[in-house]
Amino acid sequence: MNDCVFCKIAAGEIPAHKVYEDDQVIAFLDIAHFTKGHTLIIPKSHYSSLLDTPDEVLAKIAVLTKDLATNYKPILRADGFTVKQNNGEVAGQEVMHYHVHLIPHYEGDKFKFAVQHKEQKVDLEKLANDLRGE
Ligand code: AMP
Ligand code: ZN
């Protein structure tokens with residue numbers, strides 16, 4: 001994918017502040033962070049979304065995300081973290097190369113992603129039945 005910014009980072013054609021790299025994956029700091037330590041974890045191969053990414057790559061990235069978060073707690077003194085992953089423009093995906101956001105949180109950062117709809121107008125029982133295929 002010659003116009004993909006994350007493929008260029010994977011190929012070393014443009015710089016990134018890398019925190020981890022091996023032959024399959026790279027983790028690097030987001031250029032416009034939500035919070036200090038906001039990290040992106042990507043496969044080196046181009047897959048556009050969660051649905052296109054092979055299971056073994058997803059598993060590797062999930063474990064790397066956990067390992068990074070484990071290290072970040074003491075290094076950054078993070079009090080918690082969000083793992084976020086957007087698929088499709090409507091979901092806020094801007095770079096169409098599968099990636100996971102690891103976003104540390106700090107006491108008092110008051111960082112919230114979205115307003116949750118507490119007053120549901122959806123029949124949850126029917127919806128769950130539909131989703132189970134019943
Ligand atoms: P998303 O909206 O899920 O597609 O997230 C894309 C993320 O990539 C955004 O948070 C951007 O700030 C980040 N980003 C885009 N270009 C670069 C880059 N060259 N280096 C680091 N992060 C980048
Ligand atoms: Zn790519």
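Every value quoted in this text rests on a predicted model; they were computed, and no experiment measured them. Basis for what follows: all heavy atoms, side chains included, without hydrogens, waters or symmetry-related copies. Remember, it's 1-based here, ligands and their atoms both numbered in the order they're listed.
- Side-chain N/O atoms of Thr39 and Tyr72 include a donor and acceptor closer than 3.5 Å.
- Atom CD of Glu125 and atom CG of Asp123 lie 6.5 Å apart (nearest 0.5 Å).
- Contacts with ligand 1 closer than 4.0 Å are made by side-chain heavy atoms of Leu40 only, the backbone lying farther away.
- Taking every heavy atom of Phe6 and a limit of under 4.0 angstrom, the matching atoms of ligand 1 come to 8 (O).
- Atom numbering of ligand 1 starts at 1 in the shown order; those under 4.0 Å from a heavy atom of Asn86 are 1 (P), 2 (O), 3 (O).
- Interatomic distance, NE2 of His101 versus NE2 of His38, reported as 5.0 Å (0.5 Å rounding).
- A distance below 6.0 Å separates the ring centres of His99 and Phe6.
- Close N/O approach between His99 and ligand 1 is found [any backbone or side-chain N/O within under 3.5 Å].
- Of all heavy-atom pairs between Val5 and Ile14, the closest is CG2-CD1, 3.4 Å.
- Given atom 7 (C) of ligand 1, the protein heavy atom at minimum distance is Asp30 OD2, 3.5 Å.
- Geometry at the Zn ion (ligand 2): SG/Cys7 and ND1/His46 form an angle of 110°, nearest 10 degrees.
- Put simply, the angle at the Zn ion (ligand 2) from SG in Cys4 to ND1 in His97 is close to 100°, to the nearest 10°.
- Considering all non-hydrogen atoms of both residues, Lys44 and Ala10 come closest at O-CB, 3.7 Å.
- Heavy atoms of Gln85 stay at 4.0 angstrom or farther from ligand 1.
- Contact record, Leu102 with Thr65: CD2-O, 4.0 Å, taken as the closest heavy-atom pair.
- Separation of atoms CD1 (Ile42) and CD1 (Ile61) is listed at 8.0 Å; rounding is to 0.5 Å.
- The shortest N or O to N or O distance between Ile14 and ligand 1 is not below 3.5 Å.
- The option with the heavy atom closest to atom 2 (O) of ligand 1, from among Gly92, Pro15, Ala91, is Gly92.
- The minimum heavy-atom distance linking Val57 with Pro43 is given by the pair CG1-CB, 3.7 Å.
- For ligand 1, the atoms closer than 4.0 angstrom to any heavy atom of Ala32 are 12 (O).
- Separation of atoms CD (Gln93) and OG (Ser49) is listed at 6.5 Å; rounding is to 0.5 Å.
- When each atom of ligand 1 is checked for a heavy atom of Leu29 under 4.0 Å away, the hits are 21 (C).
- Protein heavy atom at the shortest distance from atom 23 (C) of ligand 1 is Ile31 CG2, 3.6 Å.
- Remark: ligand 1 and Gln93 share no N or O pair separated by less than 3.5 Å (distance only, no angle test).
- At a 4.0 Å heavy-atom cut-off, ligand 1 does not touch Phe34 at all.
- Taking 4.0 Å as the cut-off between side-chain N and carboxylate O, Asp22 and Lys60 count as a salt-bridged pair.
- Among all protein heavy atoms, the one lying closest to atom 4 (O) of ligand 1 is Glu94 N, 2.6 Å.
- Contacts between Lys84 and ligand 1 below 4.0 angstrom, taking non-hydrogen atoms only, are absent altogether.
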